[in-house]
Amino acid sequence: MHFSIPDTQEFGPDNAGSSFTGFNIHINGSFHCCLRYKQLHSLHEQLKRSLPTLVLPSFPPKKLLPLTPGQIEQRRISLERYIQLVGQDPVLCRSELLRAFLLNAQQESSFTECREVSVDVFLMNGYRIQTKAFTTDCSSKVLEKACAFIDLPKEYTYYFSLYLVRKESNGDIAITKKLMDFEAPYISQKQWEDCKIVIRTSYWDANYDLELMRDRIALNLLYIQVLSDVERGWIITTRDLAEQLTDLQARGNKREYVEIVRKLPLYGCLQFPRVCVDYPQPNTLATVIIGNRELNLLTNYGKKIQETKFKVTRIRCWRVTTIHNNEEISSNSSSESREPSNNLELSFEYLMAKNQLKWITVYSEQSMLMSVCLQSIVDELLNQKNGSDINNIQTHQAEFARLSYIRRDGSNYCITDSSSTDTLSSISDSNSTSNQSNNGSSTTTTTTTNNGTSFIRRKLKEFNTTVRFKNGKDSVHNEAFEWIGDDDL
C-alpha cells in the first residue's frame with residue numbers, strides 16, 4: 001500500500017467542544033479517508049497489542065497544548081512517515097485489524113450508512129451482474145457475491161479481482177485502479193463517478209489460465225476478457241491470425257480461441273495510454289505495457305514500432321513522485337510533448353548490464369497504478385518461489401483481532417468481526433465546516449452534509465494527483481531483484 005498525507009483540514013467543535021485537525025490520507029494515489037491524530041494513535045496501540053512480536057515504527061508524540069500551524073505541518077509530515085512505514089511492512093499490510101480500520105475510516109469519511117443496495121458489476125463485454133450487497137461490503141465480499149450470482153465455483157473466485165474501468169472520450173477503455181480489500185466498492189465507485197466496476201483476472205502468470213480452463217464458467221470469464229483485449233488492440237494479431245480467431249469466435253470455440261491468444265506476446269498485459277519517457281532519449285512518446293514479468297515501452301519511429309523490454313527482476317527499485325508545476329515539468333521534458341495534467345512520474349532503477357544501473361522515468365497520471373502493478377508482479381513471483389498457489393495468496397488473512405474504532409467525534413465503536421454489518425452503522429457527526437488547504441493553494445471553506453458524496457468527489461478532483469511516496473525521496477526495493485545472476489546479464 002502506498003500511503004500519503006498531502007494536506008489537512010480543520011473541523012468545528014466535536015462532542016467535547018473542541019475544534020480539531022483532520023489528516024487527509026491517500027492510498028495508492030487517491031483520497032481514502034480523513035482521520036484525527038487520536039484515531040491513528042488508537043490504531044497504533046491496537047496494532048501493538050495484536051502483534052506483540054513485531055516492532056512497529058515510532059508514533060509521533062502527543063502535545064499538551066494546542067498546535068501552531070507550523071506544528072500541525074510537522075505532525076502531518078511525521079504521521080505521513082509513520083503510515084508509509086506501516087504500508088511497506090508485509091505483516092502489517094496483511095493485518096485484518098488494519099484492513100477493518102481502513103474500511104471503517106472510508107465509511108466515516110464518506111458519510112455512508114450501512115444499508116443493502118444493488119451494486120452493478122460488469123464483465124469486459126458489458127454484461128451486467130446486479131449484485132445485492134451492503135454499501136460497506138469490502139471488495140472481496142462484493143467479488144464473492146458477483147461470482148456466486150453467475151455460479152462460478154468458489155475455488156476460482158480469487159483468480160479474479162474487481163477493477164474500476166473508465167471509457168475514454170475516444171472510445172478506448174482505461175483501467176483506473178484495482179479495488180483492494182480495505183475499501184468498499186460502492187463507496188469507491190461514488191468517488192470515480194465515470195467508472196464502472198469490472199471483473200478481470202487478478203494474476204500475471206498465464207499458467208494459471210490452465211486451471212480456469214478446466215471449468216466451463218471460469219473459461220467463459222477468461223474468454224470474455226481475452227476477446228475484449230483482442231478487439232481493443234491490447235493484444236496485437238496478424239491479419240491471418242485475426243481471420244482465424246474470427247472464425248473460432250463465430251463457431252463458439254472458446255477454448256481454442258484462448259489457447260491461440262495465450263501464445264501472443266502481449267497476452268495478459270495491461271496497456272496504458274501514450275506518455276512521455278526519458279528513454280532511449282528525453283521527450284520520447286511511448287505506450288507503456290506491463291505484464292509477462294516485464295515493463296514494455298512501445299515507441300513509434302515513423303511507420304516502425306520499437307519495443308523495449310525491462311524485466312521486473314532486473315528493476316532494483318522504483319518510486320513515485322509528484323511534479324507540482326509546469327516549471328518543474330520543463331526540466332524533465334517539454335510541456336508540449338505531453339498533457340500538463342500528467343504531473344506524476346514513475347522512476348525505476350534498472351540493471352542495464354553487469355555493474356551498470358540506470359534510472360528511467362515515465363511521466364504519467366497513472367504512475368501509481370503502474371507501481372501497484374509492479375508490486376503485484378513481485379508479490380506473485382515471491383509467492384511462487386515460496387510454493388504458494390493463487391488461492392492461498394489471495395484468500396489468506398491474518399486471524400481477526402477485535403477492533404475498537406474511535407470516530408472523529410470521539411465516540412467508540414467496537415467491531416467484533418469483519419462482517420459488513422459490523423462496520424459503522426450510522427454517521428452522526430456529518431454537519432461540520434472544514435477549511436481545506438492544498439499545500440499553499442488558496443483556502444476554501446466547505447460545509448459537509450449527510451450526503452458526503454460531493455465532498456468525496458471534490459477531494460478526488462482536487463488532490464487525486466497530489467501524491468507523495470515517501471516524500472519523493474525513498475524507493476520501493478524489489479525483493480525479486482536478488483535472483484539476478486551472471487546468466488541474466
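The figures that follow rest on heavy atoms only: side chains count, while hydrogens, waters and symmetry mates do not.
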Nearest 0.5 Å, what's the [atom1]-[atom2] distance between [X] and [Y]?
| X | Y | atom1 | atom2 | result |
| --- | --- | --- | --- | --- |
| Cys373 | Ile290 | SG | CD1 | 5.0 Å |
| Ile25 | Ile5 | CD1 | CD1 | 4.5 Å |
| Tyr156 | Tyr208 | OH | OH | 14.0 Å |
| Asp215 | Asp151 | CG | CG | 10.0 Å |
| Asn478 | Trp318 | CG | CH2 | 5.0 Å |
| Leu152 | Arg216 | CG | CZ | 10.5 Å |

Does some side-chain heavy atom of [Y] sit less than 4.5 Å from a side-chain heavy atom of [X]?
| X | Y | result |
| --- | --- | --- |
| Glu345 | Val320 | no |
| Val119 | Ile129 | no |
| Leu221 | Phe160 | yes |
| Asn104 | Gln107 | yes |
| Met352 | Leu357 | no |
| Leu222 | Val258 | yes |
| Leu295 | Met370 | no |
| Asn125 | Leu227 | no |

Looking only at heavy atoms, which two atoms of [X] and [Y] are closest? And how far apart?
| X | Y | result |
| --- | --- | --- |
| Leu351 | Asn355 | CD1-N, 4.3 Å |
| Pro6 | Glu80 | N-OE2, 4.3 Å |
| Ala105 | Cys33 | O-CB, 3.5 Å |
| Leu103 | Thr136 | CD2-O, 3.8 Å |
| Ala133 | Lys145 | CA-NZ, 3.8 Å |
| Leu219 | Met213 | CD1-CG, 3.8 Å |

All side-chain hydrogen bond (donor to acceptor under 3.5 Å, both in side chains) counterparts of [X], not counting sequence neighbours:
| X | result |
| --- | --- |
| Lys254 | Asn220 |
| Ser347 | Thr361 |
| Gln189 | none |
| Asn253 | Glu256 |

Tell me whether [X] contacts the main-chain N or O of [Y] through its side chain, where contact means a donor paired with an acceptor under 3.5 Å.
| X | Y | answer |
| --- | --- | --- |
| Asp7 | Asn24 | no |
| Ser364 | Gln366 | yes |
| Asp172 | Glu168 | no |
| Gln130 | Ser118 | no |
| Thr246 | Ala242 | yes |
| Ser110 | Gln106 | yes |

- Message: Using the side chain to side chain contact (heavy atoms under 4.5 Å, CB included) criterion, which residues pair with Thr176? Sequence neighbours excluded.
- Response: Leu164, Arg166, Trp192, Cys195
- Task: Identify, with sequence neighbours excluded, every residue that meets side chain to side chain contact (heavy atoms under 4.5 Å, CB included) alongside Leu298.
- Result: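 Thr287, Ile289, Ile305, Glu307.
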- Checking side-chain contact (heavy atoms from CB on, under 4.5 Å) for the pair Lys178/Ser202: CA distance, chi angles, key distance, verdict? CA-CA 9 Å; Lys178 180 179 180 180; Ser202 61; 4.3 Å; yes
Of all residues at least two apart in sequence or in a different chain, which pass the salt bridge (Lys or Arg N to Asp or Glu O under 4.0 Å) check with [X]?
| X | value |
| --- | --- |
| Arg200 | Asp229 |
| Glu211 | Arg214 |
| Arg115 | none |

Side chains of [Y] and [X]: any donor to acceptor distance under 3.5 Å?
| X | Y | answer |
| --- | --- | --- |
| Asp278 | Tyr363 | no |
| Gln375 | Asp379 | yes |
| Ser188 | Glu183 | yes |

- Message: Suppose the criterion is ring-ring contact (aromatic ring centres under 6.0 Å, His included): which pairs have a residue in residues 242-272, not counting sequence neighbours?
- Response: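 Every pair satisfying ring-ring contact (aromatic ring centres under 6.0 Å, His included) with a residue in residues 242-272: Tyr223-Tyr257.
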- Item | Pairs meeting criterion ring-ring contact (aromatic ring centres under 6.0 Å, His included) with involvement of residues 227-247, two or more places apart | none
For the pair [X] and [Y], find out whether any cationic side-chain nitrogen is under 4.0 Å from an anionic carboxylate oxygen.
| X | Y | result |
| --- | --- | --- |
| Glu380 | Lys385 | no |
| Glu294 | Lys311 | no |
| Glu96 | Arg99 | yes |
| Lys196 | Asp120 | no |
| Asp181 | Lys141 | no |

- Message: By the definition side chain to side chain contact (heavy atoms under 4.5 Å, CB included), identify the one residue from Ile197, Thr131, Thr135, Val121 that meets it with Pro185.
- Response: Ile197
- Test Leu97 against every option in Leu403, Leu102, Leu92 by the side chain to side chain contact (heavy atoms under 4.5 Å, CB included) rule and name the one that passes.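 Running side chain to side chain contact (heavy atoms under 4.5 Å, CB included) over Leu403, Leu102, Leu92 with Leu97 returns exactly one hit, Leu403.
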- Message: Taking the ring of Phe3 and the ring of His32, is the distance between their centroids below 6.0 Å?
- Response: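 No, they do not, as the ring centres are separated by 6.0 Å or more.
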- Task: With sequence neighbours excluded, tell me which residues meet ring pair (Phe, Tyr, Trp, His ring centres under 6.0 Å) with Tyr350.
- Result: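 Partners of Tyr350 by the ring pair (Phe, Tyr, Trp, His ring centres under 6.0 Å) criterion, ordered by chain and then number, come out as Phe310.
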- Query: Looking at Arg314, Lys358, Arg316, which one forms a salt bridge (charged side-chain N to carboxylate O under 4.0 Å, His left out) with Glu349?
  - Reply: Arg316
- Derivation and outcome, side-chain contact (heavy atoms from CB on, under 4.5 Å), residues Thr321 and Leu344: CA-CA 6 Å; Thr321 54; Leu344 292 178; over 6 Å; no
- Taking the six-membered ring of Trp359, is the NZ or CZ of Arg319 close enough (under 6.0 Å from the centre) and on axis enough (within 45°)?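 Checked: cation-pi criterion met.
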